[in-house]
Amino acid sequence: MPTKVRVRFAPSPTGPLHIGGVRTALFNYLFAKKHRGDFVLRIEDTDRTRYVEGAENYIVEAMQWLSIPFDEGPHIGGEYGPYRQSERKGIYEKYALQLIESGHAYYAFDSANELTQLRTEYEARGETFIYNFSNRDRLNNSLSMEQEELRNRLNSGQDFVIRFKSPQNRILNLRDLIRGNIQIDSNTLDDKVLFKSDGMPTYHLANIVDDHLMEISHVIRGEEWLPSLALHYLLYDAFGWNTPEFAHLPLIMKPVGQGKLSKRDGDKMGFPVFPLEWETEEGEVFSGYREDGYLPEAVVNMLALLGWNPGTEQELFSLTELVNAFQLERVNKGGAKFDPDKTKWFQHHYFQQLSNEFIAEKFSPTLQKKNLEKPVNLAAIVGAIKERATFVEDIWEQGSFFFEAPATYDEKAAAKAFKQDTPHLLQKTCEIISGLDTFTAGHISEEVKGWIGSEGIGFGKVMMPLRLALVGEMKGPDVFEIMALLGKQSSLERIERAINAMS
């Protein structure tokens with residue numbers, strides 16, 4: 001391993017950052033911090049036709065929310081900048097020309113129409129057109145023309161691209177830290193475009209040049225870049241540069257069926273596939289984990305275990321624990337199936353770690369929107385129902401009865417709980433409650449249960465209608481805890497209302 005580990009996350013600002021990209025960033029961060037290295041953000045924005053305003057800020061904001069910060073990047077600087085490829089435009093031509101001079105690249109003047117015609121002719125013969133050693137000497141490029149003609153074309157400003165000259169009859173032995181040794185026959189490769197006449201490099205040239213100049217030691221990226229590995233090895237070799245270590249992460253797969261997880265899968269199944277909410281120029285809104293109430297710790301923990309395993313039964317990891325445990329060698333080769341329910345399991349765990357006071361503060365705006373008064377003991381109410389909640393919004397779903405007295409009673413439960421003698425039993429309960437000076441859950445329970453026991457009454461005959469009177473449904477925490485949190489006056493009013501409803 002190089003003396004200094006340097007990794008980069010190099011997204012294109014073409015839209016919101018998919019969680020597959022977030023996982024790539026996370027694995028880069030974990031690897032860098034594990035080896036006391038640097039984690040670099042580089043924005044690969046050479047394709048200006050696909051550039052989306054706001055996408056770069058979205059990437060930075062998402063990483064900040066997840067607490068996986070960059071050591072260098074366009075928003076913070078560093079010794080290897082600039083960190084936007086559009087600002088490095090002047091760098092790439094020099095290296096493209098260097099490849100031409102060394103015989104590893106050439107000028108190509110084929111028009112789009114000419115290439116389309118060639119593809120059509122090949123298809124008519126049942127073949128696939130590949131621009132490489134098999135035909136490049138006969139095509140419209142500098143390999144098939146005299147130097148004078150080449151100079152004239154270049155001087156006249158004719159459109160051209162610079163293509164890499166893939167070698168013939170070579171077996172490439174490549175190494176991937178996750179997939180092991182890979183063999184590629186160079187005859188299957190095409191001569192990729194490296195540089196365009198508009199002065200902009202393609203992804204392949206800019207990627208290699210920037211990784212070299214930024215002294216990137218390990219390239220950890222998605223599986224979709226695996227087909228580019230052979231070209232990138234060849235480019236390093238052509239420049240005479242040391243090749244970084246490569247690791248290609250498995251795809252994140254759909255929860256059901258086959259194929260890569262897409263934003264449409266999230267739409268269909270009701271879960272986010274983006275870290276933050278994103279609104280398109282057309283007004284289409286895609287949900288984000290942050291806006292849907294997920295905690296960043298839950299998202300990080302979930303993503304870490306998508307395609308990586310620690311080799312133990314441990315599933316819950318803090319970011320520090322992930323750094324200590326992470327090993328690229330334990331990343332799976334096969335795709336990792338996304339599990340929305342498991343994501344909620346992580347969310348539930350981390351939600352339980354939040355203080356009651358913090359949740360109460362986050363929940364308070366919900367009461368304001370409903371024009372309901374905030375109880376002074378809101379944190380205690382949260383504590384009583386938090387175990388049943390996964391998101392802040394669940395506090396209302398699980399405990400709305402704490403803030404609004406029930407106006408109706410669940411019909412099915414009422415038919416089972418409200419009997420002829422129920423008003424009498426509830427009235428007697430009210431008398432006991434009224435006489436209590438200490439109104440704690442334990443004391444209420446002791447007195448009410450003591451009376452039930454002494455009278456030989458079945459507990460269900462009192463406890464079921466009592467819960468319905470207080471809640472309106474057969475749900476919620478311990479009945480006596482509910483009463484203590486509601487207070488004596490509110491509890492008595494609710495029980496009296498139920499008695500009147502039965503009458």
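Only this structure's heavy atoms are used, side chains among them; waters, hydrogens and symmetry mates stay out.
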Per-pair distances, 0.1 Å, donor-acceptor, side chain in residues 402-416, under 3.5 Å, sequence neighbours excluded:
residue : atom : partner : partner atom : Å
Y409    : OH   : A498    : N            : 3.4
D410    : OD2  : K412    : N            : 3.4
D410    : OD2  : A413    : N            : 2.8

Could you tabulate the donor-acceptor pairs under 3.5 Å formed by side-chain atoms of residues 331-339, not counting sequence neighbours?
residue : atom : partner : partner atom : Å
D339    : OD1  : D341    : N            : 3.0
D339    : OD1  : K342    : N            : 3.2

Show which side-chain atoms of residues 224-233 pair as donor or acceptor with protein atoms under 3.5 Å away, not counting sequence neighbours.
residue : atom : partner : partner atom : Å
H232    : ND1  : R221    : NH1          : 3.2
H232    : ND1  : R221    : NH2          : 3.2
H232    : NE2  : H204    : ND1          : 3.0
Y233    : OH   : R175    : N            : 3.3
Y233    : OH   : R175    : O            : 3.2

| said: Under the criterion side-chain contact (heavy atoms from CB on, under 4.5 Å), I'd like the reasoning laid out for L17 against M63: C-alpha separation, chi angles, the key distance, then a yes or no. | reply: CA-CA 10 Å; L17 183 61; M63 294 300 104; 3.7 Å; yes
| task | Go through the steps for F351 and I359 under the test side-chain contact (heavy atoms from CB on, under 4.5 Å), then give the verdict. | result | CA-CA 9 Å; F351 189 79; I359 297 173; 3.7 Å; yes
| query | Is there a ring-ring contact (aromatic ring centres under 6.0 Å, His included) between W396 and F391 once you walk through the steps? | reply | CA-CA 10 Å; W396 176 261; F391 301 95; over 10 Å; no
| query | Is there a side-chain contact (heavy atoms from CB on, under 4.5 Å) between I432 and I444 once you walk through the steps? | reply | CA-CA 9 Å; I432 295 170; I444 304 167; over 6 Å; no
| query | Does the side-chain contact (heavy atoms from CB on, under 4.5 Å) test come out yes or no for L354 and L295, once each step is laid out? | reply | CA-CA 10 Å; L354 298 175; L295 296 169; 3.9 Å; yes
| said: Between E72 and Y83, does the side chain to side chain donor-acceptor pair (under 3.5 Å) criterion hold? Intermediate values first, please. | reply: CA-CA 8 Å; E72 302 169 27; Y83 294 92; 2.6 Å; yes
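R88 places a side-chain N or O within 3.5 Å of a backbone atom of P82 that can act as its donor or acceptor partner. Side chain of R8 to backbone of V219: no donor-acceptor contact under 3.5 angstrom is found. Remark: the backbone N or O of L470 is paired with a side-chain donor or acceptor of R494 at under 3.5 angstrom. Distance alone, capped at 3.5 Å, places no donor-acceptor pair between the R388 side chain and the G399 backbone. Side-chain atoms of T243 do not come within 3.5 Å of backbone N or O of Y236 as any donor-acceptor pair. No side-chain donor-acceptor contact under 3.5 Å links Q327 to the backbone of N309. The main-chain N or O of N207 is never found under 3.5 Å from a side-chain atom of E44 such that the two would form a donor-acceptor pair. Within the 3.5 Å criterion, the main-chain N or O of V323 finds no donor-acceptor partner in the side chain of K33. Looking only at distances, no side-chain donor or acceptor of Q368 sits under 3.5 Å from a matching main-chain atom of P365. At distances below 3.5 Å, not a single donor-acceptor pair connects side-chain atoms of D45 with backbone N or O atoms of R84.
Counting only N and O atoms by type, the side chains of Y203 and D47 include no donor and acceptor under 3.5 Å apart. In this model, a donor atom of one side chain and an acceptor atom of the other lie less than 3.5 Å apart for K386 and N356.
Taken from CG in L261 to CD1 in I19, the straight-line distance is 5.0 Å, to the nearest 0.5 Å. Here the OG-CD distance, from S217 to E245, works out to 8.5 Å after rounding to the nearest 0.5 Å.
No side-chain heavy atom of V40 sits less than 4.5 Å from a side-chain heavy atom of N28. P375 is listed as a side-chain neighbour of I381, based on a closest heavy-atom distance under 4.5 Å. The shortest side-chain heavy-atom distance between L436 and E447 falls under the 4.5 Å cut-off. Counting heavy atoms from C-beta on, the side chains of I216 and Y80 never come closer than 4.5 Å. By the 4.5 Å heavy-atom criterion applied to side chains, F346 and L305 are counted as neighbours. Using a 4.5 Å heavy-atom threshold, the side chains of W241 and I208 count as touching. The shortest side-chain heavy-atom distance between F286 and P272 does not fall under the 4.5 Å cut-off. The side-chain heavy atoms of R42 and M214, taken from C-beta on, include a pair separated by under 4.5 Å.
Annotation: ring pair (Phe, Tyr, Trp, His ring centres under 6.0 Å) contacts of Y58 (sequence neighbours excluded): W278. With sequence neighbours excluded, the residues that form a side chain to side chain donor-acceptor pair (under 3.5 Å) with S262 are D265. D176 meets the side chain to side chain donor-acceptor pair (under 3.5 Å) test with H248; sequence neighbours excluded. Among residues two or more places apart in sequence or in another chain, the side chain to side chain donor-acceptor pair (under 3.5 Å) test is passed with E473 by none. Scored by the ring pair (Phe, Tyr, Trp, His ring centres under 6.0 Å) test, F9 finds no partners at all (sequence neighbours excluded). Annotation: ring pair (Phe, Tyr, Trp, His ring centres under 6.0 Å) contacts of F401 (sequence neighbours excluded): none. Qualifying salt bridge (Lys or Arg N to Asp or Glu O under 4.0 Å) partners for K461, counting only residues two or more places apart in sequence or in other chains: D421. Shown here are the ring pair (Phe, Tyr, Trp, His ring centres under 6.0 Å) partners of F326, two or more places apart in sequence or in another chain: F27, W308.
Sorted by first and then second residue, the salt bridge (charged side-chain N to carboxylate O under 4.0 Å, His left out) pairs involving residues 273-298 (not counting sequence neighbours) are E61-R290, R264-E284.
In this structure, F70 has its ring center no closer than 6.0 Å to that of Y29. A centroid separation of less than 6.0 Å is found between the aromatic rings of F31 and H218. Ring centers of W65 and Y294: at least 6.0 Å apart, outside the cut-off.
In this structure, K192 places its NZ atom where only 12 or fewer heavy-atom neighbours from other residues, nucleotides or ligands lie under 6.0 Å away. For R330, the CZ atom is densely surrounded, since the number of other residues' heavy atoms within 6.0 Å is greater than 12. Within 6.0 Å of CG in N173 there are more than 12 heavy atoms belonging to other residues, nucleotides or ligands. Within 6.0 Å of the NZ atom in K475, the count of heavy atoms belonging to other residues, nucleotides or ligands exceeds 12. Other residues, nucleotides and ligands contribute over 12 non-hydrogen atoms within 6.0 Å of the NZ atom of K488. Within a 6.0 Å radius of CD in E329, other residues, nucleotides and ligands contribute more than 12 heavy atoms.
The pair E223-R179 meets the salt-bridge criterion, with a side-chain N (NZ, NE, NH1 or NH2) lying under 4.0 Å from an Asp/Glu carboxylate O. For K4 and D38, the salt-bridge test passes: some basic side-chain N is under 4.0 Å from an acidic carboxylate O.
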